[in-house]
Amino acid sequence: MFNLKKSIFLLALLFSLFLSSKNHADDISSAGTALKTKFESCVVTVNLVIKQKITVQGREMNKNETKSEVSGTVIDPSGLLVVSLTSTDPASLINKLQGRQSNDNQFKYENEITDIKIKLGDGQEIAGKIALRDEDLDLAFIQPIEKSVSFSYVDIKQSIQPQLLDQCFSLTRLGKIGNWNVAVIPDRIEAIIEKPRMVYLSNSNRLGSPIFSVDGKFIGLIVLRALQSETQSNPLMWLTGDIGFMPVIIPASDISETAKQVLEKKEEK
Amino acid sequence: MKNYKKFYRNFFFITFLTLIISSCAGKRIHPPILKDSLTESIDKAIARVKPALIRIRVVSTEYFDGREIRQESSGSGVIIRKDGYAVTNHHVAGKAIRIICTLSNKEEIEAKLIGTDPLTDIAVIKLDNDGNKNFPIAEFGDPSSIKVGDYVLAMGSPLALSQSVTLGIISNTEMVMPQLFWPFNKFTLDGEDIGTIIRWIGHDAAIYGGNSGGPLVNLKGEIIGINEIGLGLSGAIPGNIAKESAENLITKGAVERSWIGLEIQPLLKSSLIKKGVLVSGVIKGSPAEKAGFKAGDTILEIAGKEITITNTEELPLLNQLVVKLPLNEKSEFLILRDGEKKILTLETIRRENFQPQVFEFKEWGMTACNISLLMAKELKRKSEDGVLIKNIRPGGPCGEAKPSIRSKDIITAVGDKPVKNIDDLSKITQDIIKEQTKPVPILVSFERGENQYITVVNVGIKELDDPGLEAKKAWLPINFQVVTKDIAKAIGIEKLSGVRITQVYTYNSPEKLNLKRGDIITAVDGQPIKIDQPEDIETFRALIRQYKIGSKIKLTILSDKEQKEIEVELPASPKSEREMKKYRDENFNLIARDITFFDQMEKDGESVPSEEKGVIITSVEPGGWAALGHLAVDDMLISVNNKAVSNIDILEKTMKEIAEQKSKYVVLQILRGIHHHFIELEPDWEKK
């Protein structure tokens, strides 16, 4: 027999579940929108011209130049921004994966940056230069050469250490194909790796993109962690899973510590 | 008496026998030897030509990615005049900026380019002749006398070896590019289709890379061709064409030819016309168009000479006739059109090379050239005005402009100034960059196809100053390995965990670091090091880097099976290669840097003895003087012209002195691995 009370109760339960999930979705949407509004101008595109040099047994081959577009995060009102070092120096990743030592003179593959342009959200382009490299943390700090422009920046002192499965967002500056818009990607902290140093793992993999907590605190930056291979690279590594690199999130505190070396030098001047 | 007779009889018999035996043992009997007339002819031919053979080493320029690139290559040549004129191929020496010739007696002599003709792929060089030297020469023979089956010698320097000879026979006297390879059946050099006026002498004497420019010689020791290509069969430019081009290049600096603008092909099989040659096309604005030629006409006579062309092998001969028509003069053509004969009078014009010289414009980040008449026709342009972009540097001013300027665009104006040619663009560029310290934005007009565009280019060179600083981190001056479970078990301490020291660096104050190879670090500041996989090596490094520079840490170590605690102060990590002071020498196109701490450590695990100090070469640009001398990246440069160079400042000072003095020879002493070498450079200070 049809039970009216039970039916009403079930309907009410279903409706409340629906409402709560909608609310949750609204929460994520609001948080993401707020982050985008606050931080999108801090995420910039960096256009690089990279010269590739190959040396075989001491003999230098003719160099090639290529253009590259990477994502960067401004961390200081002076315009100092940070990118993943690998994105500016792909040769270092290839050498690591192929087990090539830095003193290998049989075959050397090196990169040199010949031009840097910082492209702001409004389309303005400003010339830049490399201020500091940190190979250990996979960070490169870029300074604008022109001082006349004011920059929006992420205050890396307002940072947070996330817990496992905490919700987070990454902001990514899409390239030419996305008309350089900013994408807001909801995510979670999927792992906290403590060795050899503290890094976090999420699904986001666009190097140089900042990661924020739901309430807008800076968690860190997406960089590439790569292991120096002991042997020649495994050509089947994509099938066997023997991949020696992985995008990870470097904590804000580590970025801040290294950035001091640039900012303190600036103050001395 | 009887005994004496017997004695003498025996004596003479034994003596006779001895003589017979000794005469047989002392002599060999030879059959008669027949003379090999072919071998003798070959020897004579080689003896006649070999002294005149030269191995040619060339530094030439190519244009790629908006830059002028230098390249080294090698080919062959043959001296044809006693004062030092020699013939080779255009593709060997036509773009040479430096030529070094090695004679058959191993003497090295510099040479200069006199002239070059891409259409016949012939170039002429002249060996430097200070003291009116008489060089040995080879002479051209009469190629009309050659026939299939004749023996020939291909002489030259294949693979940059010293003068070499291969033997073959003439396989084909009318070799053209095979139709089978269409559309790849053209041999093009700098826009010129060589096969339009050349029918190669095909032969089967082996030729290899480096043989180009060397002579094909008959058994009389005469040049009958200049080796050029390999298509399975080897191909030589006929000697008469090579000789004619060479003589023009020597006397006039160029080969003058006529151009009429007609496109011709063999008579069609379906045609009822059995004599003449078919006009397939007439180029707009050409002398042929002005004379009234039309596609479909049949040419019966040119300047009174009857013509019949029924196959592709005959076309080059007709083209040779056409290019030799009197220049800037009228010639009569008897044609057949719609069944009627007509005479058309045509005035020839000068045929320029298709591809003018290319120039690099560093301030624009591109390479460009003028537009030749033939190029303008191909581009369907009425005018030759403008500058054609050959290629651009991706990150250079042209590449970065919005919209960017691309390869094959034609710059027609800069600002309000028209650009008709390279000279115009050069002058305008000098005006723009004069006294400017940074790039100048300039409005540029250019054509792309049928469209006219404008853009803004930031003209000027801007060097990016990469300070190359690395983040300073705390460093423990040791190298180490992880103590794995297997290693722990093997050394008898199963639960041992930590890192084993493999190397101790004597850095700054060696006596303060009370560690040695073999010690095992088990804890840092009381915290045990819990690692047992080789990959964990980064964990220990990262642990140390997290300390501040100058921190004092306590290491718990196992040394000679005895546990100790040692205090260590952590210095800053030594400077990396990137951070070392550098010097760039523009004359020799090399870059060097000061030695790092680790460079010295690499040598033998200890500090390098003082006499081994030097600077490290980090870049040797291809085609530069240092590259020609085979200076290599990672060489340690110890001295220059006997002056020790222990650091970059001394190197810079020494190189500036050498440049001021314009030293004829520059001797570098280098250390490569464990081997010392002297490298002798001979810069030409007039050419960089």
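Order of the sequence lines fixes the chain letters, A, B, ..., with proteins taken first and strands second; residue numbering starts at 1 for each chain. Note that the structure is a prediction, hence the values are computed from the model and not measured.
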- Task: Could you tell me which portion of B:Lys402 (side chain, backbone, both or neither) has an atom closer than 4.5 angstrom to a non-hydrogen atom of chain A?
- Result: side chain
- Query: So, are B:Arg578 and A:Asp89 salt-bridged, with charged N and O less than 4.0 Å apart?
  - Reply: yes
- Query: Roughly how far apart are B:Lys472 NZ and A:Thr258 OG1, rounded to 0.5 Å?
  - Reply: 12.0 Å
- Task: Please indicate whether A:Glu69 has more than 12 foreign heavy atoms, meaning atoms of other residues, nucleotides or ligands, lying under 6.0 Å from its CD.
- Result: yes
- Heavy-atom check, side chain of B:Pro622 versus side chain of A:Met61, under 4.5 Å: no
- CD-CG distance between A:Glu60 and B:Asn589, expressed to the nearest 0.5 angstrom: 10.0 Å
- Message: Please determine whether side-chain contact (heavy atoms from CB on, under 4.5 Å) holds for the pair A:Gln261 and B:Leu469, giving the CA-CA distance in whole Å, both sets of side-chain angles, and the decisive distance to 0.1 Å.
- Response: CA-CA 10 Å; A:Gln261 293 188 29; B:Leu469 293 177; over 6 Å; no
- Item | Among B:Pro394, B:Ala632, B:Gly395, residue most engaged with chain A (heavy-atom pairs, under 4.5 Å) | B:Pro394
- Note on the structure: Rounding to 0.5 Å, atoms CG (A:Asp134) and CD (B:Glu470) come to a distance of 8.0 Å
- Roughly how far, to the nearest 0.5 Å, is the CD atom of B:Glu538 from the CG atom of A:Asp136? 7.0 Å
- A:Glu110, A:Glu135, A:Glu125: which one forms the most heavy-atom pairs within less than 4.5 Å of chain B? A:Glu125
- Item | From CA spacing to verdict: side-chain contact (heavy atoms from CB on, under 4.5 Å), B:Lys473, A:Leu137 | CA-CA 11 Å; B:Lys473 304 275 170 123; A:Leu137 300 180; 3.9 Å; yes
- Query: For A:Glu257, is it the side chain, the backbone, both or neither that has a heavy atom under 4.5 Å from a heavy atom of chain B?
  - Reply: side chain
- Item | Portion of B:Arg67 that has a non-hydrogen atom of chain A nearer than 4.5 angstrom | side chain
- Message: Is there a side-chain contact between A:Arg133 and B:Ser576 in this structure, where contact means two heavy atoms from C-beta onward sitting under 4.5 Å apart?
- Response: no
- Message: For the NZ atom on A:Lys67, are there more than 12 heavy atoms of other groups (residues, nucleotides or ligands in this structure) within a distance under 6.0 Å?
- Response: yes
- Message: A quick test of your reading: do over 12 heavy atoms of other residues, nucleotides or ligands sit less than 6.0 Å from CD of B:Glu68?
- Response: yes
- Query: Given B:Glu400 and A:Asn47, is the side-chain contact (heavy atoms from CB on, under 4.5 Å) satisfied, shown in steps?
  - Reply: CA-CA 10 Å; B:Glu400 290 286 285; A:Asn47 289 322; 5.6 Å; no
- Message: Could you go through B:Ser619 and A:Lys63, starting from their C-alpha distance and side-chain angles, then the distance that decides it, and tell me whether this counts as side-chain contact (heavy atoms from CB on, under 4.5 Å)?
- Response: CA-CA 11 Å; B:Ser619 172; A:Lys63 299 174 187 120; 4.0 Å; yes
- Item | Pick from A:Lys117, A:Arg197, A:Glu194, A:Glu65 with the largest number of heavy-atom pairs that fall under 4.5 Å of chain B | A:Glu65
- Message: Within the supplied structure, the quantity of interest is the number of heavy atoms (other residues, nucleotides, ligands) at a distance under 6.0 Å from B:Lys362 NZ; does it exceed 12?
- Response: no
- Query: Does any heavy atom of chain A fall under 4.5 Å from the side chain of B:Phe540, the backbone, both, or neither of them?
  - Reply: neither
- Item | From B:Thr618 atom OG1 to A:Lys53 atom NZ, the distance as rounded to the nearest 0.5 Å | 5.5 Å
